[in-house]
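Counting convention: from 1, in listed order, for ligands and their atoms alike.
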Amino acid sequence: MQVIQPTDGRLIEIFSSIQGEGPLVGFRQIFIRVSGCNLDCHYCDTDFQPSSLCKVEAIPGSGKTELWSNPVSLDRVAAQIDQFTGRHPGLHHSISITGGEPLASVVLLENWLPRLKQKLPIHLETNGTLPMQLARVIHDIDLISMDFKLASVCKAATPWDEHRKFLQTAGNKLLCVKLVVSNSSTIEEVELAARIMQESASVADLILQPATIAGQTVSARHLFSLQECAARIVPSVRIIPQTHRWLGLL
Ligand code: SF4
């Protein structure tokens, strides 16, 4: 019988793949996808609902998965990471903690990150809306990729205040701010995002990521316009689509 500990976590999956988005694109990472999210973005195609089972890649990069019962213990996750890194020393750049929204499980992160960071650097992928939770674990995080959730794409009001506070909390751990944009995204909202980055003296990259919505593409001309306006405010503005989709990867 499985003995459940209070520090066990409900995960969606653990696997080894390349990072498909943002400045770390192409690096191999170990992904730990935590269940649950505090938002409900219109374009979301991520499976983050809690389930009784967690998919775990048996051998890194094989795509062959086994199923573990949730919740999962830190000991088991740590052993799986050791298996991955033992097979391929030097391959993995970092552990990407992703979701859903990992900070919605902040108690889990408080329990797990001190041990996981002994194995590889910790990269947090977050929607950038839970600054108080970030403050509780930031000392155990090396790199943060945060989203700004634009109303034009998410179909809900942009949480500007939360994003502002989150940026201030992230400080120099911030690697990038990612804006998923569509043809509906406006110059005004991209400018405001850039100004909030500028206010916090962030030197992180601002990434414009064309939304991947079935049957829709974002025009290159529109992407260029958004890049041109943001680049007048912050120094490093890049257009990077989701590259892992081209390779048919997770
Ligand atoms: S924050 Fe991310 S996981 Fe959560 S609903 Fe939005 S896109 Fe989906």
**Prompt:** Stepwise, does the side chain to side chain contact (heavy atoms under 4.5 Å, CB included) test hold for Lys119 with Thr85?
**Reply:** CA-CA 9 Å; Lys119 302 182 180 301; Thr85 56; 5.9 Å; no

Exercise. Pull up every protein N/O/S atom sitting under 2.8 Å from atom 4 (Fe) of ligand 1, skipping waters.
Key: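 Atoms qualifying: Cys37 SG.
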
Please determine, by modelled atom types, if [X] and [Y] share a side-chain donor-acceptor pair under 3.5 angstrom.
| X | Y | result |
| --- | --- | --- |
| Ser152 | Ser184 | no |
| His163 | Thr158 | no |
| Ser200 | Arg164 | no |
| Ser73 | Asp75 | no |
| Asp142 | Ser94 | no |

Counting from 1 in the order shown, the ligand 1 atoms closer than 4.0 Å to a non-hydrogen atom of Lys149 are 1 (S), 2 (Fe), 6 (Fe), 7 (S)

